[in-house]
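FYI, the numbering just counts along the sequence from 1.
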Amino acid sequence: MKSKKDVSTSTRRAIINLLKERGGMDVVALSSQFSLSGMAIRQHLNALKEEGLVTNVEEARPMGRPTKLWILTPAANRFFPTGYSDLSISLIQSMKEAFGNEGLDKLLDVRNKKMQAQYLEHLGAASEVREKLEKLAEIRTNEGYMAEVKEQEDGSLLFIEKHCPICEAAAVCTGLCKNELHLFKTVLGDDVHIERGGVPFKGRQKLQLHR
């Protein structure tokens, strides 16, 4: 039988996972997910805030007072898979020093071509955009990006990645993000228009796709 401390730890980890999955949530929404009272959820959130894992922001609403949304801080990234260690970041910086930006771009191009071949193999004979995206979400999730596809009211598709396992490396090598967008365009086809949306929380990105 789990102790009270173990239950609290499990609940707080579940809250962290949910905030990573959904983004900002208020106490009411969190309470409904865990079947706990608002007071109990606030106690967990305050404990997580003391650990530096969550914080809150106010979101304006059309009517009434702003709503307090709880979001993860960068410190919470330690609970999720990372694809680059401190050594990898150090190597990127060393490559810049040794080969310059042009040399680093060439190395990233080689990496991009290898990923392109892997992705195209995974997509296989998929022809429809929705099917391609679902398969792309599979491979990206396996790589730690927590990806999913959602259809919008206007018929466009939203490709969402809720975690960035290379976030720290991308901060010192912007070419990783640039090549990533090029990779998506290549594997999805020229007839698909991709728009990179806003990134409301660190480690999340949204891509809107039109055909």
Side-chain angles (χ1 to χ4, degrees), residues 1-62 64-94 137-150 158-177 180 196-207:
M1 184 175 179
K2 286 186 176 181
S3 67
K4 187 175 181 180
K5 181 179 180 181
D6 288 338
V7 172
S8 294
T9 299
S10 177
T11 301
R12 288 167 193 172
R13 181 58 199 272
I15 289 173
I16 290 173
N17 288 342
L18 189 61
L19 290 178
K20 189 67 173 179
E21 176 81 19
R22 303 281 183 86
M25 296 179 70
D26 60 23
V27 169
V28 174
L30 285 166
S31 297
S32 66
Q33 291 294 316
F34 293 96
S35 299
L36 293 173
S37 67
M39 182 179 294
I41 287 294
R42 287 188 182 90
Q43 288 176 345
H44 287 303
L45 289 170
N46 287 331
L48 290 170
K49 187 174 183 179
E50 287 181 7
E51 294 181 54
L53 299 173
V54 302
T55 187
N56 55 70
V57 296
E58 287 193 346
E59 180 181 77
R61 295 294 168 91
R65 295 183 299 176
T67 298
K68 182 185 290 186
L69 296 182
W70 289 87
I71 61 174
L72 298 181
T73 68
N77 280 339
R78 73 172 187 262
F79 291 99
F80 302 94
T82 56
Y84 286 77
S85 64
D86 291 341
L87 175 60
S88 299
I89 296 172
S90 177
L91 285 173
I92 290 173
Q93 293 170 332
S94 297
E138 286 178 5
I139 193 171
R140 295 292 284 184
T141 295
N142 289 337
E143 293 175 356
Y145 288 88
M146 298 174 68
E148 69 172 359
V149 181
K150 288 187 176 181
L158 199 60
F159 184 80
I160 305 172
E161 292 182 339
K162 302 158 193 170
H163 178 60
C164 179
I166 63 168
C167 194
E168 293 181 7
V172 298
C173 182
T174 55
L176 287 169
C177 293
E180 183 182 75
R196 176 170 260 148
V199 186
F201 306 109
K202 186 175 180 180
R204 294 170 61 90
Q205 78 164 350
K206 296 183 179 181
L207 299 174

- Query: How far apart are the C-alpha atoms of K68 and V27, what are their side-chain angles, what is the distance that settles it, and do they pass the side-chain contact (heavy atoms from CB on, under 4.5 Å) test?
  - Reply: CA-CA 8 Å; K68 182 185 290 186; V27 169; over 6 Å; no
- Residues that A40 engages under side chain to side chain contact (heavy atoms under 4.5 Å, CB included), provided they are two or more places apart: L36, S37
- Name all residues meeting the side chain to side chain donor-acceptor pair (under 3.5 Å) criterion together with N17; count only those two or more places apart in sequence or in a different chain, and write none if there are none. R13
- Task: State which residues pass side chain to side chain donor-acceptor pair (under 3.5 Å) with E59; sequence neighbours excluded, sorted by chain then number.
- Result: R61
- Task: Apply side-chain contact (heavy atoms from CB on, under 4.5 Å) to the pair L72 and F79, showing each step before the final yes or no.
- Result: CA-CA 11 Å; L72 298 181; F79 291 99; over 6 Å; no
- Note on the structure: Taken in chain and number order and not counting sequence neighbours, the residues that satisfy side chain to side chain contact (heavy atoms under 4.5 Å, CB included) with A147 are A137, R140, T141, F159, E161
- Task: Under the salt bridge (Lys or Arg N to Asp or Glu O under 4.0 Å) rule, collect the residues that match up with K150, sequence neighbours excluded.
- Result: E148
- Take V28 and T67 through the side-chain contact (heavy atoms from CB on, under 4.5 Å) test and state the conclusion after the steps. CA-CA 10 Å; V28 174; T67 298; over 6 Å; no
Under 3.5 Å, side-chain donor or acceptor atoms of residues 46-53 against the rest of the protein: list the pairs with distances, not counting sequence neighbours.
from	atom 1	to	atom 2	distance (Å)
N46	ND2	R42	O	3.1

- Query: Excluding sequence neighbours, so at least two apart, what forms side chain to side chain contact (heavy atoms under 4.5 Å, CB included) with Q43?
  - Reply: M39
- Message: Contact between L45 and N56 at the side-chain level, heavy atoms closer than 4.5 Å - yes or no?
- Response: no
- Task: Please round to the nearest 0.5 Å and tell me the distance separating atom CG of L30 and atom CH2 of W70.
- Result: 9.5 Å
- Task: May I have all residue pairs that pass side-chain hydrogen bond (donor to acceptor under 3.5 Å, both in side chains) and include part of residues 26-35, sequence neighbours excluded?
- Result: none
- Residues at least two apart in sequence or cross-chain that pass side chain to side chain contact (heavy atoms under 4.5 Å, CB included) with T73, listed by chain then number, are T55, A75
- Between F34 and T11, the two heavy atoms sitting closest are CE2-O, 4.3 Å
- Please determine if K20 forms a cation-pi arrangement with F80, meaning its NZ or CZ atom is less than 6.0 Å from the six-membered ring centre and no more than 45° off the ring axis. yes
